[in-house]
Amino acid sequence: MADVRVRFAPSPTGDLHVGGARTALFNWLFAKNRKGKFILRIEDTDEVRSTEASVKVILDAMKWLQLDWDEGQPDNENLKYSPYYQMERKEKGIYQKYADELVTRKLAYYCYCDPEEVDDIRKKSQINKLPPKYDGRCRYSTLEQREQQKKRGKVPVVRFRMPDTGIVVLNDIIRGKIKFDNFLLDDFVIIKANGTPTYNFACVVDDYLMKITHVLRGDDHISNTPKQMHIYNALNWEMPEFAHLAMILGSDGSRLSKRHGHISVLEYRKEGYLQEALINYLVLLGWSTEDSQQIFTMEDMKQKFSIERCGASPSVFDSAKLLWLNGEKIRSKSSDQIYELFIDWINYTGNDKLIKNWDTELLKKAIFLERDKIKLLKNIPSLVDFFFTKDIDYEEDAIRTVLLSEKSKNVAELVLTKSLIGLSNHQDFSAVSLEKYARHFAMDKNIKTSQVFHPIRVAISGRKQGPSLFHMMEIMGREEVVRRINVTINKFFT
RNA sequence: GCUGCCAUCGUCUAGCGGUUUAGGACAUCGCCCUCUCAAGGCGGAGGUCACGGGUUCAAAUCCCGUUGGCAGCGCCA
């Protein structure tokens, strides 16, 4: 069997959002699984809304997600079917050529109707409870009539001549056979008045020319498919296989959009999600293995992915599960790896003042201690910043309940003053040794271990919560621990 | 309005006619571990498989209908 060739064909009219990313991912996975090619094509035929900036943002998002493409500009040298920007292809006359062929063969025709006129026709049709379609009144216009329109300065569009009867059957890989009544389809525009092809035409021409074997896209395209199939047929072109992926919905059950919060891929990056977490989450929406495996490596996905196991029903985007997966991925990494990821995030977001003058080695150690708590890369600073700030930032609540409450303040003072001396002279500043020391201390004074541990924690970090106390002390070092305890005593107990 | 798609715990899903008292994951609740917070371990609750008809000895699984949700209906893609 010939190698599979799939494509992701975004229109650069905005950010790459999670729905588009999922489509790109599934195409990419399918290509990888079948050792085929993944092509990136930019569908920029909407001259009003397409922007360079969008192209860049989409490309950046694809790169971050590590969905590399085998063909397509601008970062790939393999340009066998170039160009991969539709407006550049239009300039080369690629689409016009086939539109002309269809016109010559009377399978398409020039239409001089004004948009307003077409609108009227549709509305009237709808009022009569009929499908809103253009009535094809220009189908039989004579050469003379057309010349007349031209003289009046009118520029025509090219419409495809849809069969009035019969049906077309789409055999979708995911949904099986779907039938469409040709009568319900209208003579859609294939070339706009400005000479640009419309989506349904450019898409078919390019998919054919680029030898695309499988079209994997969102199911909002199902109703476009019969139109496209008619183009293939009219041009006597072999059709690719089609697979329509179920939509990703917001928590209210409607199509994911801005009002459901951030949906742009790059916003997830800014929030501190890992590429692999987003990918892993996305692969779970609409695809599953027989054992309902949840956590995948990229390699794992590539190996197991298949279109046949894609579901037909839409899924709701659940950010809680994404967050869990992100924590899961972070926990599976070494502190060095998390550190690298964190630095990438810092550089990407330009948050470098957040970690100004932080010692790298200390940061790595701190990350190791707090690893299990990191859900997002952006949580790291607030989790470990107390290691780096010279002035202890005491939490109100910690002062009130641990250091100065009626019940605890005497014990706290005793613990701190005694441990100040004890720790100053403590030779082995390892966590194990420190814990031994603290437990003996508690036993000696006949107080609970927690009455020893908690005041020290607050004294050196200013917080009630934090990493394992003795590991924290170990990496802080004796000098700093003693200094902080001393500062705390002076501040609250003199 | 027309057309199409979809329908299993709150959410993502397994399930392709009998092995199912419907399995897993997230979220939620409880217990354990424990110097706090997490993480981890164990356990609980949560589904009349949208509803109604068939087909069959047997249906979440096949067929039809109903309802509901969503999508498309542009010289947007």
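Below, read A as the first sequence line, B as the second, and so on, with proteins coming before strands; counting in each chain starts at 1. Since we're looking at a predicted model, the values are computed, not measured.
Annotation: side chain to side chain donor-acceptor pair (under 3.5 Å) contacts of A:Asp114 (sequence neighbours excluded): A:Lys154. Residues that satisfy the side chain to side chain donor-acceptor pair (under 3.5 Å) test with A:Gln228, not counting sequence neighbours, are A:Arg217. In this structure A:Thr23 satisfies the side chain to side chain donor-acceptor pair (under 3.5 Å) test with no other residue, sequence neighbours excluded. Residues passing the side-chain contact (heavy atoms from CB on, under 4.5 Å) test with A:Asp186 are A:Arg122, A:Lys133, A:Tyr134, A:Phe188, sequence neighbours excluded. Residues satisfying the side chain to side chain donor-acceptor pair (under 3.5 Å) test with A:Thr51, not counting sequence neighbours, are A:Ser54. Taking the side-chain contact (heavy atoms from CB on, under 4.5 Å) definition, one finds that A:Leu341 meets it with A:Leu274, A:Lys333, A:Leu377, sequence neighbours left out. With sequence neighbours excluded, the residues satisfying side-chain contact (heavy atoms from CB on, under 4.5 Å) with A:Asp300 are A:Gln293, A:Phe296, A:Thr297, A:Lys304.
Sorted by first and then second residue, the side chain to side chain donor-acceptor pair (under 3.5 Å) pairs involving residues 440-463 of chain A (not counting sequence neighbours) are A:Asp385-A:Arg463. Residue pairs meeting the side chain to side chain donor-acceptor pair (under 3.5 Å) criterion with at least one partner in residues 407-420 of chain A, sequence neighbours excluded, are A:Ser405-A:Ser408.
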Checklist outcome for this item: Going 5' to 3' through nucleotides 71-77 of chain B and flagging B where a protein heavy-atom sits under 4.0 Å of the base, S where only the sugar-phosphate is that close, and - otherwise, we get SSBSBBB
Checklist entry - Which letter, B, S or -, goes with each nucleotide of nucleotides 11-20 of chain B from 5' to 3', with contact meaning a protein heavy atom under 4.0 Å? => result SBSSS-----
Please list, pair by pair, any protein nitrogen or oxygen found under 3.5 Å from a nitrogen or oxygen in nucleotides 35-37 of chain B.
| unit_1 | atom_1 | unit_2 | atom_2 | d |
| --- | --- | --- | --- | --- |
| B:C35 | OP1 | A:Arg439 | NH2 | 2.4 |
| B:C35 | O2 | A:Arg457 | NH2 | 2.7 |
| B:C35 | N3 | A:Leu469 | N | 3.1 |
| B:C35 | N4 | A:Ser468 | OG | 2.8 |
| B:U36 | O2 | A:Gly466 | N | 2.8 |
| B:U36 | O2 | A:Gly466 | O | 3.2 |
| B:U36 | N3 | A:Arg457 | NH2 | 3.3 |
| B:U36 | N3 | A:Gly466 | O | 2.6 |
| B:U36 | O4 | A:Ser468 | N | 3.2 |
| B:C37 | O2 | A:Lys373 | NZ | 2.0 |

